[in-house]
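Okay, so here's the structure we're looking at.
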Amino acid sequence: MPELPEVETLCRQLKQVILDKEILGIEILDPKLTAGEGLVRRRVLSVARQGKVLEIKLDAGITMLLHLRLTGRLLWQKGNNLSFPHTRFTIFFLQGRLDCIDPRRFATLSVQKTIGTNFAAPVIDPLKDFHAFRLWEIARRRKIPVKSFLIDQHIIAGIGNIYACEILYEASIDPWQRVDSLSLAKWQKIEEATISILKRAIACRGTTVSDWRDMFGRKGEYQHYLKVYASGGYPCPRCQATIQCMHLQGRGTYFCPTCQKPEAKMRLF
DNA sequence: CCCTATGTTCCCAA
DNA sequence: CTTGGGAACATAGG
């Protein structure tokens, strides 16, 4: 479910609730996630997001890395409510408990001892260092469709299928256009669209098209601002042409065939 | 039964 | 080495 705005929402909400708090206990219900054992009595020093990964630093030099993949959720609860089905682990604090719920069990949890040189991954965070010129330089050397480039987590960390579709619609660029054919001016349009869309989606606490919920169980609001995602067959808000859906890399890719007109010979199939 | 799904990784072929 | 396609992971919903 979660892309950058959803993970950022969880990150901010986690900070409100568990920063500086002590872990009183952990219950692991999914044997795939035993990495979480041994964190009892540790205190939360910081919560951060790297791409779609939540990074929780504890004392004693311990770092938890949580990736929710497709269907992972975090839910903060007070009191002794019954756990939701598919709850995979629970972390208990004095103030409440944090449930990780994940029907498809794709979510991953790892625990690392922080050792000396913790070099940053050479990955671009769309909100911190998405600069058109830098992206243009990297893209010049690649021959993949621009949408594949935007959702490649080794290049840019955090953009997934929904926001890639929205960004390319906003920038009026064909998702299949080869990245090595994009001008610097087009990259400036992509930069502008990416930053405005992701910021607005964060302000909306994410996009709920099916089951995304924030840490307090609330739906997001950005689904009301989607222009093309999940709108196949509906008219384009700009030109009234019919929004199309085609597969790219096995993912549903929504676009306006008129506003995002393919440039001759630059489209890949 | 069929298909789809906001993610990632691995294997294989061109 | 690069790229694209498909399967895998596991489950719910239309």
Side-chain angles (χ1 to χ4, degrees), chain A residues 1-11 29-33 49-54 65-74 84-88 100-110 121 123 126 138-169 175-181 194 197-198 200-202 204-215 218-233 244-255 266-269:
Chain A
M1 300 187 304
E3 300 183 32
L4 186 149
E6 290 76 27
V7 180
E8 180 66 26
T9 298
L10 293 174
C11 181
L29 297 137
D30 184 343
K32 287 165 87 175
L33 301 175
R49 175 192 59 74
Q50 296 183 57
K52 300 172 189 171
V53 177
L54 278 172
L65 298 173
L66 178 63
H67 195 310
L68 296 169
R69 304 282 180 123
L70 261 178
T71 52
R73 280 185 58 186
L74 289 179
F84 276 63
H86 314 300
T87 298
R88 301 306 174 186
C100 178
I101 303 157
D102 184 17
R104 288 171 72 175
R105 299 173 69 207
F106 292 162
T108 55
L109 172 67
S110 71
V123 169
I138 298 168
R140 264 193 317 191
R141 295 179 265 122
R142 305 294 301 269
K143 295 174 170 50
I144 54 179
V146 59
K147 188 193 174 210
S148 304
F149 186 91
L150 289 181
I151 64 176
D152 184 337
Q153 302 300 302
H154 303 290
I155 305 169
I156 305 167
I159 299 172
N161 201 37
I162 292 179
Y163 296 109
C165 291
E166 295 298 312
I167 288 164
L168 291 172
Y169 172 79
W176 279 266
Q177 183 166 347
R178 277 170 54 156
V179 272
D180 59 352
S181 71
T194 299
I197 287 171
L198 294 181
R200 188 170 197 186
I202 291 169
C204 289
R205 300 181 343 281
T207 302
T208 301
V209 291
S210 58
D211 42 15
W212 155 253
R213 297 293 186 282
D214 72 12
M215 220 173 73
R218 299 171 66 202
K219 291 183 179 182
E221 297 295 338
Y222 194 77
Q223 62 275 19
H224 304 306
Y225 301 98
L226 294 175
K227 305 262 180 67
V228 287
Y229 184 82
S231 301
Q244 306 289 309
C245 178
M246 293 177 65
H247 277 248
L248 193 167
Q249 279 193 333
R251 320 298 304 277
T253 300
Y254 298 85
F255 63 101
M266 287 307 174
R267 182 172 235 245
L268 292 162
F269 278 105

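Keep in mind that the numbers below use all heavy atoms, side chains included, and drop hydrogens, waters and symmetry copies. Just so it is clear: chains get the letters A, B, ... in the order the sequence lines come, proteins before strands, and each one is counted from 1.
- Spacing between atom CZ of A/F149 and atom C1' of C/dT3 amounts to 15 Å, rounded to whole angstrom units.
- The distance from atom CZ of A/R178 to atom C1' of C/dT3 is 11 Å, rounded to the nearest whole Å.
- B/dC10 and C/dA10: their P atoms are spaced 15 Å apart (whole Å).
- An OP1 or OP2 oxygen of C/dG4 is reached within less than 4.0 angstrom by no side-chain nitrogen or oxygen of A/Q249.
- To the nearest whole angstrom, the two P atoms, one in B/dT4 and one in C/dG5, are 15 Å apart.
- Separating the CG atom of A/L10 from the C1' atom of B/dG7 is a distance of 15 Å, rounded to the nearest angstrom.
- Shown here are the side-chain hydrogen bond (donor to acceptor under 3.5 Å, both in side chains) partners of A/Y254, two or more places apart in sequence or in another chain: there are none.
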Task: Worked check of side-chain contact (heavy atoms from CB on, under 4.5 Å) between A/K147 and A/R251 - done: CA-CA 10 Å; A/K147 188 193 174 210; A/R251 320 298 304 277; 4.0 Å; yes

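- Side-chain atoms of A/E6 and A/Y163 include a donor-acceptor pair closer than 3.5 Å.
- Here the C1' atom of nucleotide B/dG7 and the CZ atom of A/R73 are 18 Å apart, to the nearest Å.
- Within 4.0 Å (heavy atoms only), A/S210 reaches at least one base atom of the nucleic acid.
- Atom CZ of A/R218 sits in a sparse spot, with 12 or fewer heavy atoms from other residues, nucleotides or ligands closer than 6.0 Å.
- Residues satisfying the side-chain hydrogen bond (donor to acceptor under 3.5 Å, both in side chains) test with A/R205, not counting sequence neighbours, are A/D214.
- What separates CG of A/D152 from P of C/dT2 is a distance of 12 Å, to the nearest Å.
- Under a cutoff of 6.0 Å and an axis angle of 45°, A/R142 and A/F149 do not form a cation-pi pair.
- Rounded to whole Å, the P atom of C/dC1 lies 24 Å from the corresponding atom of B/dT8.
- Once rounded to the nearest 0.5 Å, the distance linking CG of A/L65 with OG1 of A/T108 reads 8.5 Å.
- Straight-line distance from the CZ atom of A/R141 to the C1' atom of C/dC1: 14 Å, rounded to whole Å.
- Consecutive pairing runs in DNA chain C reach the stem threshold at B:2-5 with C:11-14, B:7-14 with C:2-9, where a stem means at least three Watson-Crick or G-U wobble pairs with distances under 3.5 Å.
- Among the atoms of the strands shown, only primed sugar atoms or phosphate atoms (P, OP1, OP2) are found under 4.0 Å from some heavy atom of A/G252.
- Separating the P atom of C/dG6 from that of B/dC3 is a span of 13 Å, rounded to the nearest Å.
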Open item on the list: Within the 4.0 Å limit for protein heavy atoms, which parts of nucleotides 7-14 of chain C are touched? Write it as a string from 5' to 3', B for base, S for sugar-phosphate only, - for none.
Closed with: --BBBS--

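- Rounding to whole angstrom units, CZ of residue A/R251 and P of B/dT4 are separated by 13 Å.
- Residues satisfying the side-chain hydrogen bond (donor to acceptor under 3.5 Å, both in side chains) criterion with A/D30, sequence neighbours excluded, are A/R105.
- Within the 4.0 angstrom heavy-atom criterion, base atoms lie near A/T207.
- Across all strands shown, A/Y163 has no heavy atoms under 4.0 Å from either base or sugar-phosphate atoms.
- For A/I159 and B/dT8, the CD1 to P distance is 12 Å, given to the nearest whole Å.
- Here A/F84 pairs with nothing under the ring pair (Phe, Tyr, Trp, His ring centres under 6.0 Å) rule; sequence neighbours left out.
- Considering A/L248, A/V146, A/I144, A/L168 in turn, A/L248 is the only one that fulfils the side-chain contact (heavy atoms from CB on, under 4.5 Å) rule with A/W176.
- Using a 4.0 Å cut-off, some side-chain N or O of A/H67 falls inside it from OP1 or OP2 of B/dT8.
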